[in-house]
Every structure is written in C-alpha cells, then in structure tokens.
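Below: one structure, written as structure tokens.
What's counted below: heavy atoms across the whole structure, side chains too, no hydrogens, waters or symmetry copies.
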Amino acid sequence: MIGLSTSYFGFRGKTVYDSAKAVFGMGFDTAELGAGHGPEPDVWNTLKRIKQDFPEKNYTVHGLFPPLKKRF
C-alpha cells in the first residue's frame with residue numbers, strides 16, 4: 001500500500017484533519033500522520049474525527065506525533 005505523509009500539507013499551514021483529507025482526496029488509501037504540523041489544542045479528538053469520517057482508510061503515525069509545540 002502506498003501513502004503520503006500529512007507533513008507535506010502541515011508545512012504549508014494545513015491542520016492535521018485538513019491534511020489527512022487532502023491525502024485521501026489525492027487518491028491515497030494511507031496517510032502518515034506526520035510531525036510537520038503546528039500544535040493543535042485537541043489533536044486526539046481530531047484523530048477520532050478523521051477515523052470517523054474516513055473509516056475505510058489506513059493510518060501510520062510518525063514518531064514525533066503529536067507535533068511538538070515548537071518546530072526545530
């Protein structure tokens with residue numbers, strides 16, 4: 001299975017949810033939830049929402065997820 005990291009979109013200012021939606025909208029079945037996002041107030045609820053809205057999709061999680069408060 002081939003997927004795409006959400007970090008691509010995160011570095012362009014998109015939220016985790018919008019990034020996952022963009023990955024799936026491009027036709028990928030797998031999204032790696034990446035570390036290239038800014039901090040979000042309730043990222044765990046965001047993950048639940050992604051799974052609820054895209055139940056047939058697959059996910060992997062980057063080792064630095066959720067994103068750190070400060071990028072380095």
Determine the minimum heavy-atom distance between Y17 and D53, stating which atoms define it.
OH-OD2, 2.6 Å
Counting C-beta onward and ignoring hydrogens, is there a side-chain heavy-atom pair between V16 and E40 closer than 4.5 Å?
yes
Please answer whether the main-chain N or O of G10 pairs with a side-chain N or O of S7 as donor and acceptor at a distance below 3.5 Å.
no
Take I50 and Y59 through the side chain to side chain contact (heavy atoms under 4.5 Å, CB included) test and state the conclusion after the steps.
CA-CA 10 Å; I50 291 169; Y59 310 89; 3.3 Å; yes
Could you tell me whether the side chain of F24 reaches within less than 4.5 Å of the side chain of D29, counting heavy atoms only?
no
Report yes if the side chains of M26 and L4 come closer than 4.5 Å at any heavy-atom pair, otherwise no.
yes
Residue pair L33 / L47, side-chain heavy-atom distance below 4.5 Å:
yes
Between K21 and F54, is any pair of side-chain heavy atoms under 4.5 Å apart?
yes
Can you give me the closest heavy-atom contact between S19 and F9, atom names plus distance?
OG-CB, 3.2 Å
Could you report the tightest heavy-atom contact between K51 and K57, atom names first, then the distance?
NZ-O, 3.8 Å
NZ (K48) with more than 12 external heavy atoms under 6.0 Å
no
Under a 3.5 Å distance rule, please check whether T6 uses its side chain to pair with a backbone N or O of G34 as donor and acceptor.
yes
Which pair of heavy atoms, one from K14 and one from H37, lies closest together, and at what distance?
O-ND1, 3.3 Å
